[in-house]
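Below, read A as the first sequence line, B as the second, and so on, with proteins coming before strands; counting in each chain starts at 1. Below, all heavy atoms of this structure are taken into account, side chains as well, without hydrogens, waters or symmetry copies.
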Amino acid sequence: MDMRSEWMDRIHRYLQGEMDAAEEAEFIRLCEADAQLRRWMEEERQFIHALKAGFHRQWIKESFASQSQARLRSHPGSSFIRTGKEWLAHIAVAATVALLVSLVAFWSFNQWYIRPNKMGYVDLRRAIDNIQRSQYALMNDMHHNGRPPINPGTYGGSGFLISDNGYLVTNYHVIRNADSIYVQDNKGNAYKARMVFQDPATDLAVLKIIDSNFCMNGALPYTLSASEAPLGEQVFTLGYPKDEIVYGEGYISSETGYRDDSTAYQLSIPVNPGNSGGPLFDSKGRIIGIISGKQGESDRIAFAIKATYLKAILDSLPNDFNKRAILRTHVTKNTSHPDLHNNRVALLKQLKDYVMMVKVYN
Amino acid sequence: MSSLSVSKSAKDTALLNRLLCHDREALQQIYDTCFPMIRALVKKNNGLEEDAEDIFQETLIILLERAQSPNFNLTCRLKTYIYAVSRHLWLKRLASAQRQLPLADGLAEWIPVADDIAQHEEYDQAFRDMELALSELGEPCRSLLEHYYVLNKSMAEIAEIFGYTSSDNAKTQKYKCLMRLKKIFFSLQGRTSNPFTKP
């Protein structure tokens, strides 16, 4: 018996065709000389044959049991569907596996795919801690305007309106994993919003305010810039690194972003967690980008996604989104008045109503 | 024989080889091309949709078992072979239910599949026992043996897939699994009359 087990590996390798020519010739020679070995080999051959046939039986049956309803039976004309219990077990297993796979895929996607997850790149969504919560609660009391949630949210970012019916843009990383999303204007009015579009690759997301009492008076005071902004362009941003809107001013320091990312600008501008998703304006008050992150060790080096990439996703938005409002070339409102551009304070007074805080609960 | 039919038979052989290592796409392809005619055959001759499916599954099991032996030779199109086996099986079933209707298409004369089916049925009980033994074997043994004997993976690949530190370790594990399978299989065989000899 021990003799046999020593031979077994060689017999099986021979039968599986794993031996090279020299080894095989040597083995055949041994077989010819040894009747006992030939008998063993015949028995192993039969056993492997049965082993494979057993696997074939299992495979065919499993394929028909678990796959036939979804795929094999999809042939036109076969409308007969079995609903026996033995099928349910297979379907349940298949569904569980599918669920697990998608959960794992979703998790790893969130872990690794999103682009701010790079060394030295810090995305600017704000984690709201307990102290901030208490300050915030006070503020809510002062405003007293009805239903906004008492809880200030888990994360915060910024966003800006891109239509007159409540569509607004922010960063994907701000709202990822969100259970519910509220946006709040600089007067403290909070509105419930829903995500209508996300693109983790460009790190952009579009929200829609779904509160019925949201109403915007008048057209947007800004448009998307049609061209890329040049190096050295004077820029400014509005955002919510704290509970009040904050203005920041700087310039475009490079036409590419983090690690030469051509979809982004590098800026010299003070930004902090909470600025993510805020608009980046050029000196004429047009939107040229979306603030998305900063370089970890530096306070002034920030990055913004170029507005061209925002423009590219506008076509993917639902039908009631009117993209003319944000793309129109001539600003008809009084914001186009040259005096206003020279007077930053007056301009900001216009713009700040359209930049909102995004609050994420999860 | 025209070059067209040579390439067709080469395609059939390739398809069969993919089926032998449990390629799902190949199975789907065979299902799509062959099942409709089996269904038509069975339904036209006193059968139901379920009968057609049973017959088709049985046919595929016989096809795989026969085709894995080195002296199997496909003398006609794969589709024809499958049809002939299914037809034979269905006729037999009709006969056993005593409601046989003659299928006068002369197919039996020019595609002799009766031998193949008889050879399969001689060991049918052994294959069923093996199927049971495999499901009693448990994981990872079952998958390990499947990867080696059906999916034709090398020991090095298996070591990587199953997380063994070396192909020698995988080999030891495979040997243990095989021994356990033999034990289960031959104890099942003991309950029935069998054509297999116990080592």
Exercise. Pick one of side chain, backbone, both or neither for B:L145, based on which atoms fall under 4.5 Å of a heavy atom in chain A.
Key: both

Self-check item: Contacting region of B:R142 [heavy-atom separation from chain A under 4.5 Å]
Solution: both

Quiz item: Counting heavy-atom pairs under 4.5 Å to chain A, which of B:N152, B:L20, B:L178 comes out on top?
Solution: B:L178

Self-check item: Interface residue of largest heavy-atom contact number with chain B, from A:H56, A:R45, A:K52, A:H12, under 4.5 Å
Solution: A:H56

Quiz item: So do the side chains of B:Y164 and B:K171 get within less than 4.5 Å of each other, counting heavy atoms only?
Solution: no

Quiz item: Is any side-chain heavy atom of A:D199 closer than 4.5 Å to a side-chain heavy atom of A:Y172?
Solution: no

Quiz item: Side chains of A:F303 and A:D261: closer than 4.5 Å at any heavy-atom pair?
Solution: no

Practice problem: For each of B:Q68, B:R66, B:E65, B:M130, tally heavy-atom pairs with chain A at distances under 4.5 Å, and name the one with the top tally. | Solution: B:Q68

Quiz prompt | Ring geometry between B:H147 and B:F162 (parallel below 30°, tilted from 30 to 60°, perpendicular above 60°) | solution = perpendicular

Quiz prompt | Interchain contact, B:L19 with chain A, by part (heavy-atom threshold 4.5 Å) | solution = both

Self-check item: B:F185 and A:F47 aromatic ring geometry - parallel, tilted or perpendicular at 30°/60° bounds
Solution: perpendicular

Self-check item: Side chain, backbone, both or neither of B:Y148 within contact of chain A (heavy atoms, under 4.5 Å)
Solution: both

Quiz item: Any idea which of B:L48, B:L60, B:L134 has the most non-hydrogen atom pairs under 4.5 angstrom with chain A?
Solution: B:L134

Quiz item: Mind checking whether B:F72 and B:Y81 have ring centres under 6.0 Å apart?
Solution: yes

